[in-house]
Amino acid sequence: QAGGCSVAVSCPAHSAGLAFPDWAYKAESSPGSRQNQLWHFILELLQQEEFRHVIAWQQGEYGEFVIKDPEEVARLWGQRKCKPQMNYDKLSRALRYYYNKRILHKTKGKRFTYKFNFSKLIFLNCPLWDVRCPSPLPVWWRAVGARFFVGAGYGGA
DNA sequence: TTCGGAACCT
DNA sequence: AGGTTCCGAA
């Protein structure tokens with residue numbers, strides 16, 4: 001599509017033959033939206049084994065994760081954003097803004113436990129991957145992709 | 001601990 | 001828009 005929202009063939013979901021609704025392909029609704037977003041960062045940490053003592057997927061509910069060391073996650077996030085004063089109080093406020101956006105929600109009763117709304121974010125900000133020059137998938141995508149495609153299927157539009 | 005308003009920033 | 005900072009309330 002001319003607007004920069006077409007589905008690249010190299011898109012794993014596409015090659016897997018999955019159909020997604022139009023809203024899922026929203027690529028550049030806002031200029032800075034694809035870089036350094038908190039939920040990308042969370043997914044990035046979640047994907048790396050060396051951070052399992054800090055943040056990890058939770059056994060049980062699909063897409064659920066636990067922040068095992070809140071201040072350390074905050075420190076890493078602050079490091080990424082060059083905000084040395086970052087702490088869990090502030091980071092968690094940012095996470096709470098995701099509730100209305102339906103990117104995340106809180107698992108009530110479970111301490112430091114949140115859950116991703118994968119069906120809503122799967123292609124939110126999905127970059128336009130070039131067919132001719134396939135760029136490596138964003139690191140956050142690998143985390144989502146792995147969890148999403150291994151788990152329950154998607155009904156489609 | 002968790003929540004969400006409000007002001008502020010880029 | 002997507003946080004960051006601060007904070008009172010539950």
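So that the names make sense, note that chain A is the first sequence line, chain B the second, and so on, each numbered from 1.
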Start with the C-alpha distance between A/Tyr114 and A/Tyr98, add both sets of side-chain angles, then the distance that settles ring-ring contact (aromatic ring centres under 6.0 Å, His included), and finish with yes or no.
CA-CA 11 Å; A/Tyr114 300 81; A/Tyr98 286 150; 9.7 Å; no
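- Residue A/Leu91 is out of contact with every strand shown, counting any heavy-atom pair closer than 4.0 Å.
- Cluster membership check: A/Val66 does not share its hydrophobic cluster with A/Leu95, using side-chain heavy-atom separations under 4.5 Å among Ile, Leu, Val, Met, Phe, Trp and Tyr.
- A sub-4.0 Å separation between OP1 or OP2 of B/dT2 and a side-chain N or O of A/Lys108 is absent.
- The base of B/dG5 has none of its N or O atoms less than 3.5 Å from a complementary donor or acceptor on the side chain of A/Arg96.
- Rounded to whole Å, atom P of C/dA1 lies 16 Å from atom NE2 of A/His40.
- When the nucleotides C/dG3, C/dT5, B/dT2 are ranked by their closest atom to the side chain of A/Lys81, C/dG3 comes out on top.
- Whole-Å rounding puts the A/Phe41 CZ to C/dT4 P distance at 11 Å.
- In this structure, the CG atom of A/Asn100 is 14 Å from the P atom of B/dA6, given to the nearest Å.
- Taking every side-chain heavy atom of A/Gln85 into account, C/dT5 is the closest of B/dT1, C/dT4, C/dT5.
- In terms of position on DNA chain B, the residue among A/Tyr88 and A/Arg93 whose nearest nucleotide sits closer to the 5' end is A/Tyr88.
- Regarding contacts with the backbone of C/dG3, a side-chain N or O of A/Gln37 is found under 4.0 angstrom from either OP1 or OP2.
- Closest to the A/Lys90 side chain, of the nucleotides B/dG4, C/dG3, C/dC6, is C/dC6.
- Under the 4.5 Å side-chain criterion, counting only non-hydrogen atoms from C-beta, A/Arg80 is in contact with A/Glu44.
- For C/dT4, one of the phosphate oxygens OP1 or OP2 lies less than 4.0 angstrom from a side-chain nitrogen or oxygen of A/Trp77.
- Here B/dT1 presents its P atom at 11 Å from NZ of A/Lys106, a figure rounded to the nearest Å.
- For the pair A/Tyr98 and C/dG3, the criterion of a side-chain N or O lying under 4.0 Å from OP1 or OP2 is met.
- For the pair A/Ser92 (side chain) and A/Lys90 (backbone), a donor-acceptor distance under 3.5 Å is absent.
- The side chain of A/Lys83 places no N or O atom within less than 4.0 Å of a non-bridging phosphate oxygen (OP1 or OP2) of C/dT4.
- Contact between the side-chain N/O atoms of A/Tyr99 and the OP1/OP2 oxygens of B/dC3 is found at a separation under 4.0 Å.
- Look at A/Lys106 and A/Glu64 and you find no salt bridge, because none of the NZ, NE, NH1 or NH2 atoms lies under 4.0 Å from a carboxylate O.
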